[in-house]
Amino acid sequence: MLDIAKVNLTGKTILEVGSGRGDTTRHLVDILSGYRDATLLVTDISDQFFPILRDEFRNKPVQVQFLRAGACELQGVPNNAVDYLVCNYTLCAINAQAGAAIIALQRFSEVLKRGGYLLIEEEFPLNFGCTSAQQIWAQKWRILKSAMLLIGKFPYNEIAPELLVDLCKLAGFTGIEWAVCHEKLAGVEALDFFRRRLDGMLLELPNNQLRTGFTQLADELREKARDAGGMEVPFYRLTAHNR
């Protein structure tokens, strides 16, 4: 399976779709710092974190360009211009609206050069969790998605890797490979970001009974995380070749 950290990226153009807070962006900038004439195109549907990242990378020896663009359109990204497209933990958000994932994959194929590569990381659907630590991960998402529905937002919708393989084939990709991965997050601190997100949603819930119920669920989940020693996130890596 292709590892972007182990290929020669001299003169290559890398596109990141869905940069969010910039975790993957920072990793890519670190990798590209070792190569001449490499370009990183960073896109997201929101430009909220662009100023922070732009300032952070100001003195890095990498050409970084930021584009506010949705994954299904990728406005400003020319066709046949990208050597490697990286999309980490974003397809589930795209797939929140039915049918959008396949449109995005087709657009990915258009902007990639012939012979370019698609690299994806995604969490498994929630029925995958089998250990006690993975069940905490699954319950965390069930709570968040329930709250999202109640305040009128589209909840993220993860794609099973076997299904994503078929969707990639429909979009014209070949040589598709994927592998199971796990990340263990130790301690109850693993749920801190979850709690901040949930607390923000609670303010939008329509009544106090719902707020009380969700708070109780979150408190109980924290105790389970304490007993399990943390939370384990099951995810997979998929790579594909643009024919």
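Owing to the predicted nature of the structure, the values given are computational and were not obtained by experimental measurement. Both backbone and side-chain heavy atoms feed into the values below; hydrogens, waters and symmetry mates do not.
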Polar side-chain atom of Lys145 near backbone of Tyr156 as donor-acceptor pair, under 3.5 Å: yes
Trp141 and Glu123: CA distance, side-chain angles, deciding distance, side-chain hydrogen bond (donor to acceptor under 3.5 Å, both in side chains) verdict: CA-CA 11 Å; Trp141 274 117; Glu123 294 183 17; 2.9 Å; yes
Pair Leu205-Phe214, side chain to side chain contact (heavy atoms under 4.5 Å, CB included): steps then yes or no: CA-CA 10 Å; Leu205 288 175; Phe214 274 102; 3.6 Å; yes
CG-CD1 distance between Asn95 and Ile102, expressed to the nearest 0.5 angstrom: 10.0 Å
Spacing of CG belonging to Asp23 relative to CG belonging to Leu28, to within rounding of 0.5 Å: 11.0 Å
Check: Thr43 side chain, Glu16 main-chain N or O, donor-acceptor pair, under 3.5 Å: yes
Salt bridge flag under 4.0 Å for residues Arg58 and Asp55: yes
Single-linkage hydrophobic cluster, 4.5 Å side-chain cutoff, Leu91 and Ile14 together: no
Arg107 side chain vs Glu73 backbone, donor-acceptor pair below 3.5 Å: yes
Closest heavy-atom pair and its distance - Thr25, Ser19: OG1-CB, 3.5 Å
Sub-4.5 Å side-chain heavy-atom contact between Asp47 and Phe66: no
Criterion side chain to side chain contact (heavy atoms under 4.5 Å, CB included) against Glu232, the qualifying member of Gln135, His182, Glu183: His182
Check: Phe173 and Leu118 side chains under 4.5 Å, non-hydrogen atoms: yes
Atom pair CE (Met201) and CG (Leu150), whose distance is rounded to the nearest 0.5 Å: 10.5 Å
Least distance between heavy atoms, Val188 atom then Ala225 atom: CG1-C, 4.2 Å
Residues Asp166, Glu162; criterion side chain to side chain contact (heavy atoms under 4.5 Å, CB included); working and verdict: CA-CA 7 Å; Asp166 290 338; Glu162 299 88 351; 5.9 Å; no
Same cluster (ILVMFWY, side-chain, under 4.5 Å), Ile45 and Val111: no
Distance, nearest 0.5 Å, that separates OG of Ser132 from CE of Met231: 12.5 Å
For Leu53 against Arg21, the heavy-atom pair lying closest together: CD2-O, 3.9 Å
Trace of the side-chain hydrogen bond (donor to acceptor under 3.5 Å, both in side chains) decision for Glu220 with Gln216: CA-CA 6 Å; Glu220 292 172 352; Gln216 181 177 344; 3.1 Å; yes
Heavy atoms of other groups near Arg243 CZ, more than 12 under 6.0 Å: no
Check: Cys168 and Leu105 side chains under 4.5 Å, non-hydrogen atoms: yes
Flag side-chain contact, heavy atom, 4.5 Å: Pro161 against Leu238: no
Verdict with supporting geometry, Tyr117 and His241, ring pair (Phe, Tyr, Trp, His ring centres under 6.0 Å): CA-CA 5 Å; Tyr117 285 91; His241 192 238; 4.8 Å; yes
Exercise: identify the closest heavy-atom pair between Pro78 and Gly76: CD-O, 3.5 Å
Co-membership, hydrophobic cluster, residues Leu119 and Leu41, 4.5 Å side-chain: no
Cluster link Leu15 to Leu112, ILVMFWY, side chain under 4.5 Å: yes
Rounded distance (nearest 0.5 Å) linking atom CD of Gln75 with atom CG of Leu67: 9.0 Å
Heavy-atom pair of closest approach, residues Ile31 and Ala5: CD1-CB, 3.8 Å
Ion pair check, Asp199 and Arg195, cut-off under 4.0 Å: yes
Side chains of Arg222 and Asp192 in contact at under 4.5 Å (non-hydrogen atoms): yes
Separation of Asn88 CG from Thr90 OG1 (nearest 0.5 Å): 7.0 Å
From Tyr236, Trp178, Phe235, residue fulfilling side chain to side chain contact (heavy atoms under 4.5 Å, CB included) relative to Glu122: Tyr236
pair Val180-Phe124: side-chain heavy atoms closer than 4.5 Å: yes
CA sep, side-chain torsions, deciding dist, call: Glu110, Leu74, side chain to side chain contact (heavy atoms under 4.5 Å, CB included): CA-CA 10 Å; Glu110 291 171 354; Leu74 294 178; over 6 Å; no
Which atom of Tyr84 lies closest to which atom of Ile4, heavy atoms considered: CB-CD1, 4.0 Å
Derivation and outcome, side-chain hydrogen bond (donor to acceptor under 3.5 Å, both in side chains), residues Glu121 and Tyr89: CA-CA 6 Å; Glu121 284 188 17; Tyr89 308 102; 2.9 Å; yes
Exceeds 12 heavy-atom contacts within 6.0 angstrom, atom NZ of Lys60: no
Chi angles and distances behind the side chain to side chain contact (heavy atoms under 4.5 Å, CB included) call for Phe57, Val62: CA-CA 8 Å; Phe57 304 145; Val62 181; over 6 Å; no
ILVMFWY cluster, Leu198 and Phe193 together (side-chain gap under 4.5 Å): no
